[in-house]
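Shown next, in structure tokens, is the structure this report addresses.
Computed from a prediction, not measured in an experiment: that's the story for all the values here.
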Amino acid sequence: MQTFKDQHPIHTDITVAWGDMDALQHVNNVVYLRYFEVARIDFLTKINLFDTISSNGVGPVISENTIRYKRPVTFPDTLTVGVTISDIKTDRFMMNYSVFSHAQNTITTTGSSQVVMFDFQSGKKAPISEPLLSAIQQYAQ
């Protein structure tokens, strides 16, 4: 677990709820998108992205998600979702997720989200601001 945390300096713990499971008695595949969202918001909060949204009206939107299920997760469990950054472009970057199961002591799920910066006033893509670029580059792989 310590190696996982070292590789993912920004990570979020999520407790698996009984209601996250489906009729097949494992966490339903769509629930992972919510886990990714919780980790993404936690990551963006920790790098102060939301401070810049209120000042300039530009923020992140998701244009694409991918998920790879390696092992089923069941209740009870605690998951640690680690986030890294890759593929930084002028107006977008990729957030990569690794889901570590405490019960299984291994990575059970991986995924990614394409994050595009969007100007909510003009309704168009926007460049990544310099403060955000500097912040995400610290977590780039």
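The other members of the hydrophobic cluster of Phe100, by chain and number, are Met1, Phe4, Ile107 (side-chain heavy atoms under 4.5 Å, ILVMFWY only).
Residue Asn29 comes nearest to Ile67 through the heavy atom pair O-CD1, 4.2 Å, listed as atom of the first residue, atom of the second, then distance. Taking both residues in full, the closest heavy atoms of Asn96 and Ser86 are given as ND2-OG, 3.0 Å, listed atom of the first, atom of the second, then distance. The two atoms that bring His8 and Ser98 nearest to each other are NE2-OG, 3.6 Å, heavy atoms only. Considering all non-hydrogen atoms of both residues, Ala103 and Pro76 come closest at CB-O, 4.3 Å.
Checking each of Thr108, Asp77, Thr80 against Ser101 for a side chain to side chain donor-acceptor pair (under 3.5 Å) leaves exactly one that passes, namely Asp77. Partner of Thr84 under the side chain to side chain contact (heavy atoms under 4.5 Å, CB included) criterion, out of Met95, Gln141, Gln7: Gln141 alone.
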Intermediate values then yes/no, side chain to side chain contact (heavy atoms under 4.5 Å, CB included), Lys125 and Met117: CA-CA 6 Å; Lys125 291 186 290 185; Met117 298 310 293; over 6 Å; no

Ile136 vs Ile88, side chain to side chain contact (heavy atoms under 4.5 Å, CB included): CA-CA, chis, key distance, verdict: CA-CA 9 Å; Ile136 63 175; Ile88 301 171; 4.2 Å; yes

Stepwise side chain to side chain contact (heavy atoms under 4.5 Å, CB included) test for His102 and Leu79: CA-CA 6 Å; His102 292 222; Leu79 305 174; 5.7 Å; no

Chi angles and distances behind the side chain to side chain contact (heavy atoms under 4.5 Å, CB included) call for Ser134, Gln138: CA-CA 7 Å; Ser134 295; Gln138 295 177 50; 5.5 Å; no

ring-ring contact (aromatic ring centres under 6.0 Å, His included) evaluation trace for Tyr35 with Tyr97: CA-CA 10 Å; Tyr35 295 163; Tyr97 313 101; over 10 Å; no

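Looking only at distances, a side-chain donor or acceptor of Asp20 sits under 3.5 Å from a matching main-chain atom of Ala17. Between the side chain of Gln104 and the backbone N or O of Pro72 there is at least one donor-acceptor pair closer than 3.5 Å.
Side-chain contact between Gln114 and Val116 is present, with at least one heavy-atom pair separated by less than 4.5 Å. Using a 4.5 Å cut-off on side-chain heavy atoms (C-beta onward), Leu132 and Ile47 make contact. Counting only heavy atoms from C-beta outward, the side chains of Phe36 and Val99 approach each other to under 4.5 Å. A 4.5 Å side-chain heavy-atom check between Ser113 and Glu64 finds every atom pair outside the cut-off. Using a 4.5 Å heavy-atom threshold, the side chains of Tyr139 and Phe43 count as touching. Counting only heavy atoms from C-beta outward, the side chains of Ile128 and Thr90 never approach each other to under 4.5 Å. No side-chain heavy atom of Met94 sits under 4.5 Å from any side-chain heavy atom of Val115. In this structure, the side chains of Thr74 and Val27 stay at 4.5 Å or more apart for every pair of heavy atoms.
Taken from OG1 in Thr106 to CZ in Arg71, the straight-line distance is 6.0 Å, to the nearest 0.5 Å. Atom-to-atom distance recorded for Thr3:OG1 and Lys5:NZ is 11.5 Å, nearest 0.5 angstrom.
No path of Ile, Leu, Val, Met, Phe, Trp and Tyr side chains, each step under 4.5 Å between heavy atoms, connects Leu24 with Phe75, placing them in separate hydrophobic clusters. One hydrophobic cluster, built from ILVMFWY side chains closer than 4.5 Å, holds both Trp18 and Val16.
Within a 6.0 Å sphere centred on NZ of Lys46, heavy atoms belonging to other residues, nucleotides or ligands number more than 12.
With respect to Asp119 and Lys124, no salt bridge is recorded, no charged nitrogen being found less than 4.0 Å from a carboxylate O.
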